[in-house]
Amino acid sequence: MAQLSINSDLGEWGLSTDSGERARLLQSPSVDVAPKSEGEASPEIVGRGTTSTLGAIFIVVNACLGAGLLNFPAAFSTAGGVAAGITLQMAMLVFIISGLVILAYCSQASNERTYQEVVWAVCGKLTGVLCEVAIAIYTFGTCIAFLIIIGDQQDKIIAVMAKEPAGASGSPWYTDRKFTISLTAFLFILPLSIPREIGFQKYASFLSVVGTWYVTAIIIIKYIWPDKEMTPADALNRPASWIAVFNAMPTICFGFQVPVARSLSSLSSRPILGWNQHHGQFGGILEGRMEWGSQDLPLIPGGECHVSSVPVFNSMRRPEVKTWGGVVTAAMVIALAVYMGTGICGFLTFGDAVDPDVLLSYPSEDMAVAVARAFIILSVLTSYPILHFCGRAVVEGLWLRYQGMPVEEDVGRERRRRVLQTLVWFLLTLLLALFIPDIGKVISVVGGLAACFIFVFPGLCLIQAKLSEMEEVKPASWWAMVSYGVLLVTLGAFIFGQTTANAIFVDLLA
């Protein structure tokens, strides 16, 4: 059988100049490139996953939910109230679902199984490198946000244990925020980040998912039956300007996007880091085998929907675009209900006085909220190593590609490089987390970058896939798809530019 290969030559990095060749590589997934000999199994059958439709919905929902929901009440405040926040999220829902469907189509058309590999195959070298760099920066920034969240929750818990207000002067040195964050990071996060594989974290990650749902339930319950000492401040009923609405975009993008393969359940003994000889590129952490059966629980710390959507799609028993459309629609509606419940109830409970981390607005003595804080800490402790694992894999891939090293290199060099990369990543994120006051400032920066995963890269993939079709006369649907791809890229670039500029000049330089 003819083998479908994209960028199989190490020197073939850019887009092919032969439009016919690109069209054959990116033709409709339902078209065979060559007849199969008798008894030869289809690639789809050989690599068919075991995830049911309901299982895929569960995985996608939990991939969308994470610690990013803590900032949603503040996002409603930034947007200008409940009506503006709901309108913004409903509009985003259309683009999020369409982007997920586009990625699934391009995954089948290019025969690739991860987000970055799809972008590499469809869009070429330059866009592929930009995608990998974006993933590395995004995971790095999210790791900083997670360390800040640990400090926020620990401050409240320690305040209850010490029977002192959070951040009170004259507190013992061992209750200082910088010390507690550092101690927790060195004792728990660093040891979990050094190993080469992360399959051992699947059960702890499942507990973190349960904790995320518990946090949402507590916020809703506290709004319905508020404590007597909780008095809401004034709340906006309309946005101050259209720019204010767009300033809430980073939080929404961050919420639906918080890394890269968190939908992995386990990794086999195959090399995790190394050069993908078949594609002439780095295969990243997804070189390992994915198992989605009932015996393995998926690693889903939450929040990275688009980047993890491609491996989830390929893990399904019936990886069809139409079925996938129903999966992501159902999953996004559920995730939207959770985020809306958290954002609306948290915002109405505290009004414009809500903190960037909504749990900080609740009294330290509230035991139900204290349990929620403990769950968030657990979620972050298990999510940080997975995020770091993804970012480290991308950095390693860029380095190996630059050096031209094959995967069959000396194991000792790989180990030393992995430890060095982990220590540098860990120390930089910890140092920045100690001096950045709240997660809002981090989300405002990396949230704009998340828009690239939701809008820009899916839009570019759609444009390139349609341009590769071999049709003499382009139907109206072809022009509609290309136009929609251009809209996605334009909108994503605008959101990224506007929110990033606002974050730099307002949040970071203020």
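These numbers come from the heavy atoms of this one structure, side chains and all, not from hydrogens, waters or symmetry mates. In what follows, residues are counted from 1 in the order of the sequence shown.
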Visitor: Just by distance, do the side chain of Thr490 and the backbone of Leu487 share a donor-acceptor pair under 3.5 Å?
Guide: no
Visitor: Are any side-chain N or O atoms of Ser98 and backbone N or O atoms of Phe95, one a donor and one an acceptor, separated by less than 3.5 Å?
Guide: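 Looks like yes, one N/O pair under 3.5 Å.
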Visitor: Taking all non-hydrogen atoms of both residues into account, name the closest pair between Leu69 and Thr342 and its distance.
Guide: O-CG2, 3.5 Å
Visitor: Is it the case that over 12 heavy atoms from other parts of the model lie below 6.0 angstrom from the CH2 atom of Trp479?
Guide: no
Visitor: With distance as the sole test, does Tyr115 use its side chain to make a donor-acceptor pair with the main-chain N or O of Phe453 at under 3.5 Å?
Guide: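 It does hold such a pair.
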Visitor: Counting C-beta onward and ignoring hydrogens, is there a side-chain heavy-atom pair between Leu398 and Val133 closer than 4.5 Å?
Guide: yes
Visitor: Would you please indicate yes or no on a ring centroid separation below 6.0 angstrom for Tyr384 and Phe146?
Guide: no
Visitor: So which heavy atom on Asp152 is nearest to which on Ile439, and how close?
Guide: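 Heavy-atom minimum between the residues: OD2-CG2, 4.3 Å.
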Visitor: Could you tell me if the ring centre of Phe350 sits under 6.0 Å from that of Tyr362?
Guide: yes
Visitor: Indicate yes or no: at least one non-hydrogen side-chain atom of Gln153 is less than 4.5 angstrom from one of Leu70.
Guide: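 Result yes, sub-4.5 Å side-chain heavy-atom pair found.
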Visitor: Please check this pair: side chain of Thr500 against backbone of Gly497, looking for a donor-acceptor N/O pair closer than 3.5 Å.
Guide: no
Visitor: What are the two closest non-hydrogen atoms of Val60 and Ala331, and how far apart are they?
Guide: CG1-CB, 3.6 Å
Visitor: Measure the CD1-OG1 distance between Ile224 and Thr349 for me, rounded to the nearest 0.5 Å.
Guide: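 Going from CD1 on Ile224 over to OG1 on Thr349, the span is 9.5 Å.
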Visitor: Quick one: CG on Leu488 to OG on Ser483, what's the gap to the nearest 0.5 Å?
Guide: 11.0 Å
Visitor: For the pair Lys322 and Glu320, find out whether any cationic side-chain nitrogen is under 4.0 Å from an anionic carboxylate oxygen.
Guide: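 No.
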Visitor: Any heavy-atom pair between the side chains of Cys345 and Lys222 that's under 4.5 Å?
Guide: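 Not in contact.
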Visitor: Would you say that Ile86 contacts Phe76 through its side chain, given a criterion of any heavy-atom pair below 4.5 Å between the two side chains?
Guide: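 Yes, side chains in contact.
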Visitor: Between Phe457 and Gln116, is a side chain to side chain contact (heavy atoms under 4.5 Å, CB included) present by the stated rule, with each step listed?
Guide: CA-CA 10 Å; Phe457 293 121; Gln116 58 267 40; over 6 Å; no
Visitor: Compare every heavy atom of Ser52 with every heavy atom of Arg317, then report the nearest pair and how far apart it is.
Guide: NH1-CB, 3.8 Å
Visitor: How long is the span from the CG atom in Leu103 to the CH2 atom in Trp324, to the nearest 0.5 Å?
Guide: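 Interatomic distance, Leu103 CG to Trp324 CH2, rounded to 0.5 Å: 9.0 Å.
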Visitor: Does Tyr223 OH have over 12 foreign heavy atoms under 6.0 Å away?
Guide: no
Visitor: With a 3.5 Å distance limit and no angle check, can you tell me whether Ser315 reaches the backbone of Val312 through a side-chain donor-acceptor pair?
Guide: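 Yes, Ser315 side chain to Val312 backbone: donor-acceptor pair under 3.5 Å.
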Visitor: Hey, does the side chain of Thr323 reach the backbone of Pro319 with a donor-acceptor pair shorter than 3.5 angstrom?
Guide: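 Not at all, since once roles are kept as given, no pair shorter than 3.5 Å links the two residues.
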Visitor: Start with the C-alpha gap between Cys106 and Glu112, add the side-chain angles, then the distance that decides, and say whether side chain to side chain contact (heavy atoms under 4.5 Å, CB included) holds.
Guide: CA-CA 8 Å; Cys106 292; Glu112 300 294 348; over 6 Å; no
Visitor: Determine whether Trp120 and Thr127 make a side-chain contact, defined as any pair of heavy atoms from C-beta on separated by less than 4.5 Å.
Guide: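 A side-chain contact is absent here, since even the closest heavy-atom pair is not under 4.5 Å.
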Visitor: Ile150 and Ile189: side chain to side chain contact (heavy atoms under 4.5 Å, CB included), yes or no, with the steps?
Guide: CA-CA 11 Å; Ile150 289 178; Ile189 293 179; 3.8 Å; yes
Visitor: Which heavy atom of Gly492 sits nearest a heavy atom of Ala451, and at what distance?
Guide: O-CB, 4.3 Å
Visitor: Measuring from Glu469:CD to Gln464:CD, what's the distance to the nearest 0.5 Å?
Guide: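 Glu469 atom CD to Gln464 atom CD measures 12.5 Å (nearest 0.5 Å).
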Visitor: Under the side chain to side chain contact (heavy atoms under 4.5 Å, CB included) rule, what do Leu93 and Ile97 come out as? Steps first, then yes or no, please.
Guide: CA-CA 6 Å; Leu93 185 66; Ile97 293 175; 3.9 Å; yes
Visitor: Ignoring hydrogens and angles, tell me if any N or O in the side chain of Asp355 forms a donor-acceptor pair with the backbone of Asp357 under 3.5 Å.
Guide: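 Here the side-chain-to-backbone pair does not exist.
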Visitor: Does the side chain of Ile148 come within less than 4.5 Å of Lys441's, by heavy atoms?
Guide: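 A side-chain contact is absent here, since even the closest heavy-atom pair is not under 4.5 Å.
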Visitor: Return the CG to OG1 distance between Leu147 and Thr142, rounded to the nearest 0.5 Å.
Guide: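 Spacing of CG (Leu147) from OG1 (Thr142) equals 11.0 Å.
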Visitor: Would you say the side chain of Lys474 lies within less than 4.5 Å of the side chain of Met481, judging by non-hydrogen atoms?
Guide: no
Visitor: Within a strict 4.5 Å, meaning less than it, do heavy atoms of the Phe375 and Thr212 side chains meet?
Guide: no
Visitor: On a heavy-atom basis, which atom in Tyr214 and which in Ala372 lie closest, and how many Å separate them?
Guide: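 Between these two residues, the closest heavy atoms are CE2-N, 3.5 Å.
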Visitor: If we check side chain to side chain contact (heavy atoms under 4.5 Å, CB included) with Ser107, which of these qualifies: Thr114, Val118, Ile102, Val122?
Guide: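 Exactly one candidate clears the test, Val118.
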Visitor: Kindly compute the distance separating CD1 (Ile149) from CD1 (Ile144), expressed to the nearest 0.5 Å.
Guide: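 Going from CD1 on Ile149 over to CD1 on Ile144, the span is 12.0 Å.
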